[in-house]
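Here's the structure we're looking at; comments come further down.
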Amino acid sequence: MTALSAAFTVLSYCAAGVFFGGLLFQLWGYATTPSPLKIPVTPHPTTAAGVVKKNIIALATFGSLFKGNRWTWIGGYAFHVILIFVFVRHLRLFINPVPPLLAEIQPVALLGAMLLPLPLIYLWVRRKAVDRYDYISSPADHFALALLLLIGLTGLALKFVAHSDVVRIKEFLLGLVMLSPVEIPAHPVFLCHFSLVLILAIFFPFSKLLHAGGVFFTPTRVQVDNPRESRHINPWGN
Amino acid sequence: MAKTDFEIPKLEHPVKIPAIMEGASSHLSIHPANEQMKTKLGFPEKRVDNWQETAIAKLGELKDKYRSLKIFLDVCVKCGSCADKCHYFLGTGDPNNMPVARQELMRKVYRKNFTIGGKLFGSLARAEDLTEEVLKEWVTYFHQCSQCRRCSVFCPFGIDTAEITMAAREIMDSIGVGHKYSLEIIGKVHDTGNNLGIPKPALTSTLEFLEEDVKETTGADVKFPLDVEGAEVLMVVPSADFFSSPHVDSLVGYAKVFHAAGVSFTFSSHASEFANFGMFVGNYAQMQKIAGRIVQAAHDLKVKRIVVGECGHAWRVAYSFWNTLVGPFDFLDQAHPAPQHICEFTNGLIKRGALKLDKSANDEFTVTFHDSCNVARASRMGDTPGGQFEIPREILKATCNKYVEMPEEVNRERTFCCGGGGGLLTDELMELRVKGAAPKAAALKEMMDEKGVNVMAMICAICKAQFTKVLPYYDIPMETVGGVHQFVSNAIQLGDK
Amino acid sequence: MAMVEMAGKQLDLDEDGYLTNLEQWDKQVADALAKTEGIEMSEAHWEVVNFLRDYYAEFKIAPMIRILTKEIGKKLGKEKGNTKYLYELYPGGPAKQACKIAGLPKPTGCV
């Protein structure tokens, strides 16, 4: 194995370790921290089933953001929907053989995934252009946008500009997944794209991107509004 | 109209989002609590020498005790959805009054001390030590949040700035930096049973006065009983109901409802306060202790039910927290919710046809309803979500011929705070209170001009006190403010005339 | 808290300008405190202040506004027995402003 392949293999496993380990650590922290009091933001469902339904709808629609600001919602919602396309588009590289359904939807997935830079640029412009958003933005916010945008652009370049050998890329990725690493394709754009993804994986659990997991634990949204009917116990109370 | 040394906002509905003006409300700060007020509640008498360490340790403790705090400090993506939702930002234009920016005041300290990014990258990650200047920002801007939860409604993750403000105030108290207004009041509850400090003889005389007054005006023997053992209901009201106007008109309304329903009730001199400022300062033990007085009174007086009066934040504490803090309520009659809001009680009677109401008694009024934040966004009434909106409105519609709804964007869960909630109903913050009231006052003004509204009914003692004080700055008469049970009081027909 | 010289006396005032030592009050002090509020004390103003002080002496608390208005109505005529009239006398509010001039502590709570 070349030094390059060895380095990337090690880095890949490190990044995966940080990503999954970090994510588990953080979510475990949320799950095990007590909620002393009932604090749902009302009106709110009074049954567990109602809460699940409300949160599924919230997840599918970003309803709170829609109520809050439609212009931000358009960008944010589009971005997250496109992420699904990107995911589907990349899934084929990790599964062998590719299931027929997954193969069939690839053209659609590609069409969606191609749009990734648009909402990112839009959100970035908004962040700079509106005085309130500019004020609250930190280097970390710009870094996250830059990272995602670069990943998208290098990804598009691989498809449309500097064509890469997708079969070799798939062999490399499957090798990593199956714990029998093979040589990495030494394609410069792919190496860029892949490196950026590794950075994202490391950044993710220790950044605001953690919202993707935290949202499932937010007491204001996931508690049931039934404090009179059912006594909520504070584990550290008396 | 009172004289001011600040510019009073022009009322415009819907409210315009201001351009940000850094430091626009940085001069508005609180009176510090004195040594006696602090030590009484177990806080250090003055700022402790190692205040930074102590504060950071307290932040660490709180984030491990409150999942809300821990998550809220991590997951904000700074989408800005909340940025223009706070009445204090809309009224002052100070960027630190954008909910996300207010949260950042704590987050930057959290990052510096508790996150890898903050420790590695420092100011690049917007991580900062708790310096003298940062503490000053905390004192200022965590006392420019009324814990109204409006921002949380629009947050994709339900981040509630109130949780962060409460934690910040708890941290500040723990290092000996406290707000006079809240701490003095909490001390008074422990001493006298109520926020005003009304001793029992004064309470007795006040209630006797009301009995005579109601007898004179209606001819009915409506009772205002105090400390009557064996009464069916313990009635707990905000002590402002024993003191202020228009608060007292609702108090008279409650008593008339009990009288008409033939349900015996009593006030308690031990628990002559429904308000619970323990919540405003984020102190669990104080909140529990204050609520404990009420349960103690219920036991002592051997009542079967607890009904509570018109007070917003206290209804949140009672509805959402009492069962956890001082429950279970298995010693009370299980046929009724415990605690029960007076609006639930009254509306139940109205629906059963148990009250005789003459709507024409309120014909001089065109009434609208102001949803108080803690009732709207932190509680419920009745059995179904949103009952906290419907039940008071049903009462108003059953007692008044002319009822008008507020515009949707300032109504129900989107209601704006009166500008005086969360422990900010204090004179040194008058400029903030006037400016923070602007969004709701603008909507009211529009209703007055367009729909002929001449009263705004509400079910919160703070809202009543705040609006009677600040609406005159906008040339809206203080008589525009009323309690829901004031209109019940007007309309109710007492049998024994 | 601060010491302020007023009406020829050293007065202990709290942050809001209320006397913290109620013993220090006398009519000259009341006049001086009224001046800081922009109020010229008239007969009617004194009626309010005197009633507040009498009530406080008995109950250690200011009276409910409704009790005050009724009392003023009895003394000065029914048309003056209302909150509106009290606010004409004391634009800063009968509870807070009149209490300050009467040398009573500031009412606390949701008032």
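Just so we're on the same page: letters track the sequence lines, and every chain starts at 1.
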Quiz item: Under the side chain to side chain contact (heavy atoms under 4.5 Å, CB included) criterion, do B/Leu124 and A/Phe143 qualify, and how do the steps go?
Solution: CA-CA 10 Å; B/Leu124 260 184; A/Phe143 175 73; over 6 Å; no

Exercise. Look at atom CZ of A/Phe87 and say whether more than 12 heavy atoms of other residues, nucleotides or ligands are closer to it than 6.0 Å.
Key: no

Self-check item: Contacting region of B/Phe72 [heavy-atom separation from chain A under 4.5 Å]
Solution: side chain

Quiz item: Quick check: are there more than 12 heavy atoms from other residues, nucleotides or ligands sitting under 6.0 Å from CD of B/Gln334?
Solution: yes

Self-check item: Heavy-atom contact with chain B under 4.5 Å, split by part of A/Tyr30
Solution: both

Practice problem: Apply the side chain to side chain contact (heavy atoms under 4.5 Å, CB included) test between A/Tyr135 and each candidate in B/Glu104, B/Lys78, B/Glu22; give the one that qualifies. | Solution: B/Glu22

Quiz item: Any side-chain heavy atom of B/Arg380 within less than 4.5 Å of one from A/Thr46?
Solution: yes

Exercise. Name the option with the most non-hydrogen atom pairs under 4.5 Å to chain B; the candidates are A/Phe66, A/Phe206, A/Trp73, A/Tyr133.
Key: A/Tyr133

Quiz item: So which of B/Pro339, B/Ala285, B/Gly387, B/Ala19 has the largest heavy-atom pair count under 4.5 angstrom toward chain A?
Solution: B/Pro339

Exercise. Against chain B, work out which of A/Gly213, A/Pro219, A/Ala140, A/Gly237 has the most heavy-atom pairs shorter than 4.5 Å and name it.
Key: A/Pro219

Exercise. Name the member of B/Ser123, B/Pro156, B/Pro95, B/Cys76 that forms the most heavy-atom pairs with chain A at distances under 4.5 Å.
Key: B/Pro95

Practice problem: Please state whether the side chain, the backbone, both or neither of A/Asp141 comes within less than 4.5 Å of a heavy atom of chain B. | Solution: side chain

Quiz item: With ring centroids as reference points, do B/Tyr66 and A/Trp236 lie under 6.0 angstrom apart?
Solution: yes

Practice problem: Against chain B, label A/Ala144 side chain, backbone, both or neither, depending on which of its atoms sit under 4.5 Å from a heavy atom there. | Solution: neither

Practice problem: Could you point out which residue of B/Glu413, B/Gln388, B/Arg149, B/Arg316 forms a side chain to side chain contact (heavy atoms under 4.5 Å, CB included) with A/Thr42? | Solution: B/Gln388

Quiz prompt | B/Arg67 side-chain N/O to A/Thr33 backbone N/O, donor-acceptor pair under 3.5 Å | solution = yes

Practice problem: Tell me, for B/Ile116 versus chain A, whether the close heavy atoms (under 4.5 Å) come from the side chain, the backbone, both or neither. | Solution: side chain

Quiz item: Can you check whether A/Arg132 reaches B/Phe89 side chain to side chain, under 4.5 Å on heavy atoms?
Solution: yes

Self-check item: Among the listed options A/Val41, A/Leu65, A/Val215, the residue most often paired with chain B at heavy-atom distances under 4.5 Å
Solution: A/Val41

Quiz prompt | chain A contact via B/Ile17 - which portion, at a heavy-atom distance below 4.5 Å | solution = side chain

Quiz item: Among B/Gly386, B/Ala162, B/Ser68, which has the most heavy-atom pairs under 4.5 Å with chain A?
Solution: B/Ser68

Quiz item: What distance separates A/Glu229 CD from B/Asp383 CG, expressed to the nearest 0.5 Å?
Solution: 7.5 Å

Quiz item: Given the options B/Gly117, B/Ala378, B/Ala101, which has more heavy-atom pairs under 4.5 Å with chain A than any of the others?
Solution: B/Ala378

Quiz prompt | B/Asp74 backbone acceptor or donor facing A/Lys208 side chain under 3.5 Å | solution = no

Quiz item: Where on B/Ala318 is there a heavy atom nearer than 4.5 Å to chain A: the side chain, the backbone, both, or neither?
Solution: neither

Practice problem: Tell me, for A/Thr218 versus chain B, whether the close heavy atoms (under 4.5 Å) come from the side chain, the backbone, both or neither. | Solution: both

Practice problem: Could you look at A/Arg126 and say if it's the side chain, the backbone, both or neither that has a heavy atom under 4.5 Å from chain B? | Solution: neither

Practice problem: State whether the side chain of A/Thr220 and the backbone N or O of B/Gly158 hold a donor-acceptor pair below 3.5 Å, judged by distance alone. | Solution: yes

Quiz prompt | Distance-minimising heavy-atom pair for B/Pro337 and A/Arg228 | solution = CB-NH1, 3.5 Å

Quiz item: Side chain, backbone, both or neither: which part of A/Pro45 has an atom under 4.5 Å from a heavy atom of chain B?
Solution: backbone

Self-check item: Region of B/Phe329 that comes under 4.5 Å of a non-hydrogen atom in chain A
Solution: neither

Exercise. Say whether, by atom type as modelled, one donor and one acceptor occur between the side chain of B/Asn323 and the main chain of A/Pro227 under 3.5 angstrom.
Key: yes

Quiz prompt | Best-contacting candidate, A/Gly75, A/Ser35, A/Gly50, A/Pro34, against chain B by heavy atom pairs under 4.5 angstrom | solution = A/Pro34

Exercise. Tell me, for A/His44 versus chain B, whether the close heavy atoms (under 4.5 Å) come from the side chain, the backbone, both or neither.
Key: backbone

Quiz item: Based on non-hydrogen pairs under 4.5 Å, which of A/Gly76, A/Ser230, A/Ser207, A/Ser137 is most in contact with chain B?
Solution: A/Ser137

Quiz item: B/Met287 versus A/Leu37: any side-chain heavy-atom pair under 4.5 Å?
Solution: yes

Quiz item: Top residue by heavy-atom pair count (under 4.5 Å) with chain A, among B/Arg412, B/Arg111, B/Arg126, B/Met98?
Solution: B/Arg126

Exercise. Nearest 0.5 Å please: distance from the NZ atom of A/Lys38 over to the OG atom of B/Ser379.
Key: 14.0 Å

Practice problem: Of all the heavy-atom pairs spanning B/Val75 and A/His211, show the shortest one and how long it is. | Solution: O-CB, 3.4 Å

Self-check item: Nearest heavy atoms of B/Thr324 and A/Ile233, plus distance in Å
Solution: CG2-C, 4.5 Å

Quiz prompt | chain A interface, residue from B/Ala125, B/Pro328, B/Ala338, B/Ala83 that has the most non-hydrogen pairs under 4.5 Å | solution = B/Pro328

Quiz item: With distance as the sole test, does A/Asn69 use its side chain to make a donor-acceptor pair with the main-chain N or O of B/Ser81 at under 3.5 Å?
Solution: no

Quiz item: Checking B/Lys65 against chain A: side chain, backbone, both or neither under 4.5 Å from a heavy atom?
Solution: both

Quiz item: How about A/Ile39 and B/Asp160: do any of their side-chain heavy atoms sit closer than 4.5 Å?
Solution: no

Exercise. Find the one option among A/Ala212, A/Ser138, A/Gly214 whose heavy-atom pairs under 4.5 Å with chain B are most numerous.
Key: A/Ser138

Quiz item: Tell me, do A/Asp225 and B/Tyr319 make a side-chain contact under 4.5 Å, heavy atoms counted?
Solution: yes

Exercise. State whether B/Glu409 and A/Lys67 are salt-bridged, where the test is any N-O pair (Lys NZ or Arg NE/NH1/NH2 against Asp/Glu carboxylate O) under 4.0 Å.
Key: no

Quiz prompt | Other residues, nucleotides, ligands: >12 heavy atoms within 6.0 Å of B/Phe331 CZ | solution = yes

Quiz item: Measuring from B/Ile20:CD1 to A/Asp134:CG, what's the distance to the nearest 0.5 Å?
Solution: 7.5 Å

Self-check item: Sidechain-backbone polar pair: B/Arg377 side chain, A/Pro43 backbone, donor-acceptor under 3.5 Å
Solution: no

Quiz prompt | Smallest separation among heavy atoms of B/Tyr284 and A/Pro36, with atom names | solution = CE1-CB, 4.4 Å

Quiz item: Is it the case that more than 12 heavy atoms not belonging to A/Tyr122 sit under 6.0 Å from its OH atom?
Solution: yes

Self-check item: B/Thr115 portion near chain A, given a 4.5 angstrom heavy-atom threshold
Solution: neither

